Amino acid sequence: MLVSIVYMSVATHEFREDELAEMLAGARLRNDALGVSGLLVVKGGRFMQLLEGPAWSVDDRFAAIERDPRHHTIRSLIREDIEHRRFDGWSMAYRGLDDADIAAEEGFSPFLSGTLEFAPSFDRTSAAWLLKWFRDRDLVED
């Protein structure tokens with residue numbers, strides 16, 4: 001069975017691009033080894049991530065994320081069974097709002113620029129709605 005989790009969290013500090021690149025490299029290796037795919041969106045010191053794959057793999061990755069000291073206020077927003085992957089082949093797509101050069105990076109997704117259209121079967125889901133909500137809001141630290 002495949003599952004999908006969408007969560008949000010707050011970074012403990014402002015990540016430099018080299019820190020994000022290092023974090024992404026490690027995440028991509030672990031995700032690929034465990035059969036997990038997904039999308040990571042970073043905006044205003046906040047993370048929103050969608051993880052998908054076999055239930056045991058996604059649960060393992062999410063448990064590791066909950067223990068990660070680089071962020072806090074981790075909230076699982078959606079967990080749902082899915083019939084097929086929506087981000088197949090993306091061990092971890094990434095898009096940061098403040099880096100004009102990120103398009104050259106492996107795994108770049110034009111999602112935050114508004115130029116990525118989801119497949120109609122995914123576009124009508126709660127997860128797609130949350131990702132679009134995150135993209136379209138100015139997020140201010142409370």
Side-chain angles (χ1 to χ4, degrees), residues 2-82 84-142:
L2 296 174
V3 299
S4 173
I5 291 176
V6 177
Y7 78 88
M8 245 176 108
S9 68
V10 179
T12 56
H13 67 281
E14 189 67 33
F15 276 75
R16 296 183 321 264
E17 283 302 314
D18 62 325
E19 288 178 293
L20 279 171
E22 183 180 325
M23 182 181 72
L24 287 167
R28 287 177 176 143
L29 285 173
R30 286 185 297 277
N31 289 354
D32 192 45
L34 291 171
V36 173
S37 52
L39 172 69
L40 172 65
V41 185
V42 179
K43 181 178 178 181
R46 296 179 186 258
F47 295 92
M48 181 175 273
Q49 185 169 19
L50 181 146
L51 298 169
E52 63 185 7
W56 67 270
S57 294
V58 171
D59 291 339
D60 176 81
R61 295 309 320 132
F62 186 65
I65 288 163
E66 288 181 306
R67 293 186 305 270
D68 190 328
R70 295 174 289 191
H71 54 170
H72 61 88
T73 318
I74 301 163
R75 292 193 175 102
S76 176
L77 304 173
I78 297 174
R79 180 189 169 94
E80 59 187 350
D81 295 337
I82 57 175
H84 55 84
R85 293 176 187 267
R86 298 166 266 196
F87 298 98
D88 198 16
W90 296 11
S91 59
M92 189 47 55
Y94 161 73
R95 175 69 159 108
L97 279 181
D98 299 318
D99 186 2
D101 297 323
I102 198 68
E105 292 292 321
E106 179 184 347
F108 169 77
S109 168
F111 172 72
L112 284 177
S113 67
T115 60
L116 173 70
E117 295 297 324
F118 292 132
S121 60
F122 177 61
D123 198 40
R124 295 183 294 272
T125 67
S126 306
W129 183 90
L130 274 172
L131 290 166
K132 289 178 182 180
W133 175 89
F134 187 83
R135 177 189 63 196
D136 297 337
R137 297 295 180 283
D138 287 329
L139 301 174
V140 179
E141 186 70 35
D142 298 342

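If you're wondering where the values come from, they're calculated on a predicted model, not measured in any experiment.
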Contact check, side chains of Ile65 and Leu51, non-hydrogen atoms, under 4.5 Å: yes
Closest approach of Gly35 to Pro54 (non-hydrogen atoms, all atoms of both residues): O-CD, 3.4 Å
CE on Met8 to OG on Ser76, rounded to 0.5 Å: 12.5 Å
Min side-chain heavy-atom separation Met48-Val6 under 4.5 Å: yes
Those residues that, when tested against Glu80, pass side-chain hydrogen bond (donor to acceptor under 3.5 Å, both in side chains) (two or more places apart): Arg86
Residue pair Asp60 / Leu34, side-chain heavy-atom distance below 4.5 Å: yes
Verdict with supporting geometry, Glu52 and Leu2, side chain to side chain contact (heavy atoms under 4.5 Å, CB included): CA-CA 7 Å; Glu52 63 185 7; Leu2 296 174; over 6 Å; no
Whether Glu19 side chain and Arg16 backbone form a donor-acceptor pair below 3.5 Å: yes
Trace of the side chain to side chain contact (heavy atoms under 4.5 Å, CB included) decision for Leu50 with Ser4: CA-CA 7 Å; Leu50 181 146; Ser4 173; 3.7 Å; yes
Which atom of Thr12 lies closest to which atom of Pro69, heavy atoms considered: CG2-O, 3.3 Å
Candidate pair Leu40 and Phe47, rule side chain to side chain contact (heavy atoms under 4.5 Å, CB included), full reasoning: CA-CA 7 Å; Leu40 172 65; Phe47 295 92; 3.6 Å; yes
Carboxylate-amine/guanidinium proximity below 4.0 Å for Arg79 and Asp59: yes
Shortest non-hydrogen separation from Ala11 to His72 and the atoms involved: O-NE2, 3.9 Å
His13 side, atom NE2; His71 side, atom NE2 - distance, nearest 0.5 Å: 11.5 Å
Steps toward side chain to side chain contact (heavy atoms under 4.5 Å, CB included) verdict (Tyr7, Leu77): CA-CA 5 Å; Tyr7 78 88; Leu77 304 173; 5.5 Å; no
